[in-house]
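A short worksheet on the structure shown next.
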Amino acid sequence: MPSARPDVMDKLVSLCKRHGFIFQSSEIYGGTGSVWDYGPLGVELKRNIKDHWWRAMVRSRDDIEGLDAAILMHPRVWEASGHVAGFTDPLVDCKTCKGRFRADALESARCPQKPSKRPGEWEACDLTAPRQFNLMFKTFMGPVEESASVVYLRPETAQGIYVNFLNVQQSTRQKIPFGIAQIGKAFRNEITPGNFIFRTREFEQMEMQFFVAPGTDMDWFERWKADRMAWHLSLGLDPDRLRYHEHTREELAHYARAAYDVQFDFGGSLGFQEIEGVHNRGDFDLTRHQEFSGKKLEYFDQPTNRRYVPCVVETSVGADRATLAVLVNSYREETVEGEAEGRTVLGLHPALAPTKAGVFPLVKKDGMPEFATALAADLRARFTVFYDESGSIGRRYRRQDEVGTPFCITVDGQSAADQTVTIRERDSLRQERVSATAVGEYVLARVRP
Ligand code: GAP
């Protein structure tokens, strides 16, 4: 469903490249399809989002433990999980234009030969019957390429958590209900990736599996649904751009009893799309792993003297997709009162901004660069700082606005005399004079998560 909000994707892709947020993978070789590299500012932004998640889900709670499971797992894991048999998309080929499409998403697909045609209009061309295409990347472990050595790149991080359920529970002596969380790479050989970092073949997930007693799963499902929406709001996402989408029976994944997506309005033709899935997976995964491994994955509940296979409520958000939502949400172009030229701003939440402060000498003389360099070095021990002495001060401010830096600190003619500097705030454009020794605390107090 197209959105009433403008499409800023092309402008964002160009801003991200220009300022070192995101580059196309292997660009000098013509690029790799739908794979992206995070540059100096992008890696900071994505890391801040991941840290924000880790703090909310692991560090600030006593009922969730962290984990970092390996990407490569025993191939039987993916048989047990249902991915070998069921993690497929229906693929159709067009005999005329040679394009490949998902049969279940034809209405939004564009003909590669006639991209000007509206989605769906090219359907008359000659499509093959749908074939099921497995989205897992296959590779070989060890030096022999034979079927016995096939391994998969994981398509979700969740399975690493299920197979470690008892390891974590027994080593931490957690009692149900409790959760296990991890952040890590996942890989899917998507038929129709695209929309920048929205759907890629290599991406990062931030997943949490919450183990609960059977019968309490729907309650926990509702609680996590609300908690996760609150987290997205804490990123600074506009509440009007967020909504839930409940999965219909047809939409439910093979493991899910019930599911909600948290959707964000990306604007333009993309519109509202999933950024996170909250799933009630019941006891599907642990029961299947018991069956396939022959090992019991039961929990012993001392107070009731009962043994059972726990149910799982999962929260699963893409780190890249959350990063894209944050970028789209924060991008704005505006006019500035009294100035002929407008400005482009990334109005990022200060806690997420890759650079917290720009430090500038007003001019390159009278000891100002020395003062500013020393100040920047001092501040760098506490948060990320960018020092810049080239070009007009207005241009230096604009550059920092475009990359979302919340504060710009300028050393001027008065600084050496009274040890003060000015601090300019990105959104309000307000400037304040502050003692140079107080600048660190001033900024820290405003950029803390
Ligand atoms: N373990 C459950 C699971 O993987 P999912 O709905 O398939 O559920 C969860 O994926 C989240 O992972 C999505 O909401 C999205 O943010 C992210 N994601 C999935 N496929 C992706 C892709 N190809 N590119 C980028 N992010 C993706």
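Whatever order the structure lists them in is the order used to number ligands and atoms, beginning at 1. Note that the numbering runs from 1 along the sequence shown for the chain.
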* Show the numbers, then the answer: is there a side chain to side chain contact (heavy atoms under 4.5 Å, CB included) between Asp427 and Arg332? => CA-CA 11 Å; Asp427 297 325; Arg332 62 175 198 263; 3.0 Å; yes
With [X] as the cation and [Y] as the aromatic partner, state whether NZ or CZ is under 6.0 Å from the six-membered ring centre and within 45° of the axis.
X      : Y      : value
Arg243 : Phe272 : yes
Arg223 : Trp220 : yes
Lys138 : Tyr152 : no
Lys356 : Phe383 : no
Lys185 : Phe203 : no

Check each atom of ligand 1 against the heavy atoms of [X] and keep those under 4.0 Å away; list them by number with element.
X      : result
Tyr255 : 2 (C), 3 (C), 8 (O)
Glu156 : 1 (N), 2 (C), 3 (C), 4 (O)
Glu314 : 1 (N), 2 (C)
Phe198 : 24 (N), 25 (C), 26 (N)
Glu207 : 1 (N), 2 (C), 3 (C), 4 (O)

* Asked: Is ligand 1 less than 4.0 angstrom away from at least one heavy atom of Asp320?
  -> no
* Residue-ligand contact Arg281/ligand 1, heavy atom below 4.0 Å ->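 Yes, Arg281 has heavy atoms under 4.0 Å from ligand 1.
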* To do: With heavy atoms only and a cut-off of under 4.0 Å, state how His279 meets ligand 1: side chain, backbone, both or neither.
  =>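 For His279, only side-chain atoms sit under 4.0 Å from ligand 1.
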* Structure fact -> At under 4.0 Å between heavy atoms, what of Ile275 touches ligand 1? The answer is backbone
* Asked: Quick one: does Pro155 get an N or O within less than 3.5 Å of an N or O on ligand 1?
  ->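 N/O-N/O distance below 3.5 Å does not exist for this pair.
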* Asked: Can you find an N/O atom of Thr200 closer than 3.5 Å to an N/O atom of ligand 1?
  -> yes
Could you find the nearest protein heavy atom to [atom] and give me its residue, atom name and distance?
atom                    : value
atom 10 (O) of ligand 1 : Gln205 NE2, 3.5 Å
atom 9 (C) of ligand 1  : Ser316 OG, 3.0 Å
atom 26 (N) of ligand 1 : Phe203 CD1, 3.5 Å
atom 13 (C) of ligand 1 : Glu274 OE2, 3.3 Å

* Asked: Can you say whether the rings of Phe196 and Trp36 are parallel (under 30°), tilted (30 to 60°) or perpendicular (over 60°)?
  ->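 Aromatic pair Phe196/Trp36 classed perpendicular.
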* To do: Please work out whether the ring planes of His245 and His247 are parallel, tilted or perpendicular, with thresholds of 30° and 60°.
  =>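 Tilted: the ring planes of His245 and His247 meet at 30° to 60°.
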* Asked: For atom 5 (P) of ligand 1, which candidate among Glu276, Gln159, Arg321, Arg188 provides the closest heavy atom?
  -> Arg188
* Indicate yes or no: at least one non-hydrogen side-chain atom of Tyr442 is less than 4.5 angstrom from one of Phe407. =>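 Counting from C-beta outward, Tyr442 and Phe407 do come under 4.5 Å.
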* To do: Among Arg424, Arg395, Arg426, find the residue that satisfies the salt bridge (Lys or Arg N to Asp or Glu O under 4.0 Å) test when tested with Asp401.
  => Arg424
